[in-house]
Amino acid sequence: MIDSRLQIAESDNLESRVAEAMQAMRELKQAQFIGSDSIRFYKKDSGAVYDWGGVPPQSQQAAYVSTKILRVTATALTQNVLFADLIAELRVDSPTATRHTILNYIDEIYADTTYFSISYYAEAQNVGFENVQSWTVTLNAGDPAAISRPLNNQYMKAYVVANDDVQIAVTELN
């Protein structure tokens, strides 16, 4: 009995066992999609320069405001449950113009100039369709002088950050 314990404790044998255990652990961790140090996220977009473009229609509440409402939907390609967030960008007059995001639009609204803004909120996932996540995106433009609505072309680009590769669809709601 003592001889077998000594054989196991020999440095070569012990090192090879530890190496095998470490390799097995690395292989298991690499196969995980969510867990400790192997969380994988994908940043995905449609591949187009923009996902929606045009002049938003006149708002029903105010004649000097343009409002476009869109739904961005991401569908997981392999996972049963999708964990995702949206990064939505607005560009005015050109799809390659300076971007406006939800994080900086407040600084760009001034009392005496035409303003543009983008906002969005996540919709609740439906039971049985946990692999699908949708967001409602609103593009706004306004004339603070209340004379006429801005007729600028606006372009929305959507990026989805998720735990799986996704397919992105954009639907117009107005």
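We count residues from 1, following the sequence as given. Side chains are part of it too, since the values below use all heavy atoms of this structure and drop only hydrogens, waters and symmetry mates. Since the model is a prediction, treat every value here as computed from it, not as a measurement.
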Participant: Could you pull out all residues at least two apart from Q167 that satisfy side-chain hydrogen bond (donor to acceptor under 3.5 Å, both in side chains)?
Facilitator: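 Q167: no side-chain hydrogen bond (donor to acceptor under 3.5 Å, both in side chains) contacts found.
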Participant: For residues 125-134, which residue pairs qualify under side-chain hydrogen bond (donor to acceptor under 3.5 Å, both in side chains), counting only residues two or more places apart or in two chains?
Facilitator: T73-S134
Participant: How would you list, by chain and number, every residue that makes a side chain to side chain contact (heavy atoms under 4.5 Å, CB included) with A62, sequence neighbours excluded?
Facilitator: Y64, V65
Participant: Looking only at atom types and distance, does a side-chain atom of D51 sit under 3.5 Å from a main-chain N or O of K157, one as donor and one as acceptor?
Facilitator: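 Looks like no, no N/O pair under 3.5 Å.
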Participant: Kindly determine whether R71 and V170 satisfy side chain to side chain contact (heavy atoms under 4.5 Å, CB included), including the steps that lead there.
Facilitator: CA-CA 6 Å; R71 175 170 292 129; V170 178; over 6 Å; no
Participant: Let me check something: do Y50 and L70 share a hydrophobic cluster, defined by ILVMFWY side-chain heavy atoms less than 4.5 Å apart, either directly or through other members?
Facilitator: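 Hydrophobic grouping puts Y50 apart from L70.
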Participant: If every non-hydrogen atom of L90 is compared with every non-hydrogen atom of F116, which pair is closest and at what distance?
Facilitator: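 Shortest heavy-atom separation between L90 and F116 comes out as CD2-CB, 4.0 Å.
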Participant: Can you name the nearest heavy-atom pair linking V55 to L151, along with the distance?
Facilitator: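 Here V55 and L151 meet closest at CG2-O, 3.6 Å.
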Participant: Treating Ile, Leu, Val, Met, Phe, Trp and Tyr as nodes and any side-chain heavy-atom pair under 4.5 angstrom as an edge, say whether Y155 and I118 lie in one connected cluster.
Facilitator: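 No, Y155 and I118 fall in different hydrophobic clusters.
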Participant: I need the minimum non-hydrogen distance between L77 and D164, along with the two atoms involved.
Facilitator: N-OD2, 3.2 Å
Participant: V92 and Y120: same hydrophobic cluster, using ILVMFWY side-chain contacts below 4.5 Å?
Facilitator: yes
Participant: Any idea which heavy atoms bring Y42 and D165 closest together, and the distance?
Facilitator: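 Closest approach of Y42 to D165: CD1-N, 3.7 Å.
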Participant: Taking the side chain as every heavy atom from C-beta outward, state whether S66 and N140 have any atom pair closer than 4.5 Å.
Facilitator: no
Participant: Report yes or no: do T114 and D143 form a side-chain donor-acceptor pair below 3.5 Å?
Facilitator: no
Participant: So which heavy atom on R149 is nearest to which on P57, and how close?
Facilitator: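 That closest heavy-atom pairing would be NH1-C, 3.8 Å.
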Participant: Tell me if a side-chain donor or acceptor on R91 pairs with a main-chain N or O of A97 at a distance below 3.5 Å.
Facilitator: yes
Participant: Please step through side chain to side chain contact (heavy atoms under 4.5 Å, CB included) for the pair D85 and W135, ending with a clear verdict.
Facilitator: CA-CA 9 Å; D85 199 5; W135 298 266; 4.1 Å; yes
Participant: Once you round to the nearest 0.5 Å, how far does CG of L86 lie from OG1 of T136?
Facilitator: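 The distance works out to 10.5 Å.
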Participant: Measuring only between side-chain heavy atoms, which start at C-beta, is L139 closer than 4.5 Å to M156?
Facilitator: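 Counting from C-beta outward, L139 and M156 do come under 4.5 Å.
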Participant: Give a yes/no verdict on a cation-pi contact between K43 and Y159, requiring under 6.0 Å between NZ or CZ and the six-membered ring centre and an angle within 45° of the axis.
Facilitator: yes
Participant: Are V137 and I168 grouped together when hydrophobic residues (ILVMFWY) are joined by side-chain heavy atoms under 4.5 angstrom apart?
Facilitator: yes
Participant: So, taking the atom named CD in Q154 and the one named OG in S94, what distance separates them when rounded to the nearest 0.5 Å?
Facilitator: 13.0 Å
Participant: Can you tell me how far OG1 of T67 sits from CD of Q61, rounded to the nearest 0.5 angstrom?
Facilitator: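 Rounded to the nearest 0.5 Å, the CD-OG1 separation comes out at 7.0 Å.
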Participant: I'd like to check V166 versus T75 (side-chain heavy atoms, cut-off strictly below 4.5 Å). Are they in contact?
Facilitator: no
